[in-house]
Number of protein chains: 2
Amino acid sequence: MSSTSQVSRATTKLNKGDLCNPSCPSRGVLEHVTSRWGVLIFILLRQRTHRFSDLGRRVGGVSQKMLAQTLQNLEADGFVTRTVHPTVPPQVEYGLTPIGLEAATRVQQLAVWIEDITPKVLQVRAKRVRTPS
Amino acid sequence: MSSTSQVSRATTKLNKGDLCNPSCPSRGVLEHVTSRWGVLIFILLRQRTHRFSDLGRRVGGVSQKMLAQTLQNLEADGFVTRTVHPTVPPQVEYGLTPIGLEAATRVQQLAVWIEDITPKVLQVRAKRVRTPS
DNA sequence: CTGTATCCTCTTAGATACTG
DNA sequence: CAGTATCTAAGAGGATACAG
């Protein structure tokens with residue numbers, strides 16, 4: 001508990017291809033980006049900016065809590081912008097930073113590919129249900 | 001439990017860009033591929049085939065249970081091959097199918113990019129800690 | 001409208017022990 | 001070696017109520 005020297009070195013040092021290391025900070029970033037709701041938020045924000053309730057309505061099955069939490073993570077990482085319009089009632093606009101747009105593009109490319117091959121995956125899954133031997 | 005008509009229609013129909021729909025099957029596939037351990041397994045298997053304990057050693061922080069579970073998911077989806085060599089002691093070789101290789105390549109591209117921008121993300125996070133206003 | 005706070009449930013995931 | 005089974009702890013996540 002008291003040996004911090006190793007830890008501090010581990011968290012400040014960023015080795016390439018070190019994702020398999022549990023203390024690699026990139027792992028946290030990757031998990032934010034590829035998180036269940038993060039992916040969908042990226043895809044929606046890439047089309048246009050959205051308001052909070054907007055996102056809540058379009059992302060099927062998300063709760064307010066997880067929506068807020070995911071948005072805060074992505075904002076803290078510098079992917080998402082949060083703009084408060086001083087109107088009444090309050091209106092908050094979520095968008096993407098330049099780096100967020102790049103992330104969104106990459107994530108969506110992966111998502112589109114997944115959608116493309118999903119039929120094939122479903123076929124494979126279905127076959128595996130057959131009685132083996 | 002007995003009304004299968006609605007469900008079967010929902011699961012067989014694959015609309016493009018329908019990821020926001022909670023019942024879209026692509027969401028499950030995407031979650032397998034981008035899962036915490038799935039990403040790392042893809043990256044390792046892209047280099048070469050690995051044995052079970054091999055993966056367990058190289059993927060930092062994974063338990064046998066999660067390793068087996070993730071591998072089974074990816075195998076059931078048709079991304080990962082599992083070859084049992086009838087030796088003693090038993091030896092099981094995990095590798096990638098053609099479609100798995102494609103997935104691994106895309107996943108790794110994303111991972112590499114994340115590693116690239118992680119320093120920037122850490123800077124943003126650090127700044128947010130400063131006293132606001 | 002945009003959240004936060006609380007409570008509560010259910011899944012995930014790790015540790016350990018055990019089997020073929 | 002390559003898993004499975006079981007137990008348990010921690011966290012994800014949802015519903016509701018409430019605040020600014």
Side-chain angles (χ1 to χ4, degrees), chain A residues 1 20-23 27-41 44-45 48-77 80-95 128 132-133, chain B residues 20-23 27-41 44-45 48-76 80-95 128 132-133:
Chain A
M1 294 268 187
C20 288
N21 184 333
S23 58
R27 224 147 106 164
V29 182
L30 185 61
E31 282 168 19
H32 283 171
V33 171
T34 62
S35 70
R36 189 176 179 191
W37 308 117
V39 171
L40 303 180
I41 288 171
L44 289 176
L45 291 187
R48 59 173 175 83
T49 64
H50 282 74
R51 293 173 55 186
F52 184 83
S53 53
D54 235 358
L55 289 171
R57 237 172 288 115
R58 304 242 292 170
V59 178
V62 72
S63 64
Q64 279 191 328
K65 179 183 171 180
M66 289 315 297
L67 184 56
Q69 188 174 304
T70 306
L71 285 169
Q72 283 161 10
N73 281 340
L74 295 181
E75 190 200 356
D77 286 356
V80 160
T81 61
R82 179 177 179 274
T83 312
V84 181
H85 297 294
T87 61
V88 45
Q91 190 168 331
V92 180
E93 200 82 15
Y94 287 95
R128 294 200 110 265
S133 79
Chain B
C20 287
N21 184 334
S23 58
R27 222 144 109 164
V29 181
L30 184 61
E31 282 167 20
H32 283 171
V33 171
T34 63
S35 70
R36 189 175 179 193
W37 308 117
V39 170
L40 303 179
I41 289 171
L44 289 176
L45 290 187
R48 58 173 175 82
T49 64
H50 282 73
R51 293 173 57 186
F52 185 83
S53 54
D54 234 357
L55 289 171
R57 238 172 287 116
R58 305 243 291 168
V59 178
V62 72
S63 63
Q64 279 192 329
K65 179 183 172 181
M66 289 314 298
L67 184 56
Q69 188 174 303
T70 306
L71 285 170
Q72 282 162 10
N73 282 339
L74 295 181
E75 191 201 356
V80 161
T81 59
R82 179 177 179 275
T83 312
V84 182
H85 298 293
T87 61
V88 47
Q91 191 169 331
V92 180
E93 200 82 16
Y94 287 95
R128 295 202 108 266
S133 85

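Note that CG of A:L71 and CD of A:Q69 are 10.5 Å apart. Values are rounded to the nearest 0.5 Å. Here the CG-CD1 distance, from A:L55 to A:I41, works out to 6.0 Å after rounding to the nearest 0.5 Å. To the nearest 0.5 Å, the span separating CZ on B:R57 from SG on A:C20 amounts to 13.0 Å. Here the OG1-CZ distance, from B:T70 to B:R36, works out to 10.0 Å after rounding to the nearest 0.5 Å. With rounding to the nearest 0.5 angstrom, the CD atom of B:Q72 is 11.0 Å from the NE2 atom of B:H32. Considering CG of A:N73 and CG of A:D77, their distance stands at 6.5 Å, rounded to 0.5 Å.
One atom, CG of B:L67, and another, C1' of C:dG14, lie 13 Å apart when rounded to the nearest Å. If you measure from atom CD of A:E93 to atom C1' of C:dC1, you get 13 Å, rounded to the nearest angstrom. Here the C1' atom of nucleotide D:dG3 and the CD atom of B:Q91 are 15 Å apart, to the nearest Å.
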Sub-3.5 Å pairs of nitrogen or oxygen atoms, protein against nucleotides 4-7 of chain C:
{"residue": "C:dT4", "atom": "OP1", "partner": "A:Q72", "partner atom": "NE2", "Å": "3.1"}
{"residue": "C:dT4", "atom": "OP2", "partner": "A:Q72", "partner atom": "NE2", "Å": "3.0"}
{"residue": "C:dT4", "atom": "O4", "partner": "A:Q64", "partner atom": "OE1", "Å": "3.4"}

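Of the residues near DNA chain C, A:D54 and B:P90, the one whose nearest nucleotide (by heavy atom distance) lies more toward the 5' end is A:D54.
OP1 and OP2 of D:dC1 both lie 4.0 Å or more from every side-chain N or O belonging to B:Y94. Under 4.0 angstrom from either OP1 or OP2 of C:dA15 there lies no side-chain N or O belonging to B:S63. Dashed line: the shortest gap from a side-chain N or O of B:R82 to OP1 or OP2 of D:dG3 is under 4.0 Å. For the pair B:R51 and D:dC1, the criterion of a side-chain N or O lying under 4.0 Å from OP1 or OP2 is not met.
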_Before you tell me yes or no, could you show the steps for B:V59 and B:H50 under side chain to side chain contact (heavy atoms under 4.5 Å, CB included), namely the whole-Å CA-CA distance, both residues' side-chain angles and the distance that decides it to 0.1 Å?_
CA-CA 11 Å; B:V59 178; B:H50 282 73; over 6 Å; no
Run the side-chain donor-acceptor check on residues 80-89 of chain B: report pairs under 3.5 Å with partners two or more places apart or on a different chain.
{"residue": "B:T81", "atom": "OG1", "partner": "B:G95", "partner atom": "N", "Å": "3.4"}
{"residue": "B:T81", "atom": "OG1", "partner": "B:G95", "partner atom": "O", "Å": "3.4"}
{"residue": "B:R82", "atom": "NE", "partner": "B:Y94", "partner atom": "OH", "Å": "3.4"}
{"residue": "B:T87", "atom": "OG1", "partner": "B:P89", "partner atom": "O", "Å": "2.9"}

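Note that the two end axes of the helix from C:dC1-D:dG20 to C:dG20-D:dC1 enclose an angle of 50°, each drawn from 5 base pairs, rounded to 10 degrees.
Using a 4.5 Å heavy-atom threshold, the side chains of A:L40 and B:R27 count as touching.
In plain terms, the two heavy atoms of B:F52 and B:Q64 that are nearest each other are CZ-O, 3.9 Å. The nearest pair of heavy atoms linking A:P90 to A:R51 is O-NH2, 4.4 Å. The shortest heavy-atom contact between A:P22 and B:G61 is CG-N, 4.0 Å.
For the segment residues 55-62 of chain B, the set of residues with a heavy atom within less than 4.0 Å of an atom of DNA chain D is empty. For the contact set between residues 27-40 of chain B and DNA chain D, defined by any heavy atom under 4.0 Å, there are no members.
Residues meeting the side-chain hydrogen bond (donor to acceptor under 3.5 Å, both in side chains) test with A:E93, sequence neighbours left out: A:T49.
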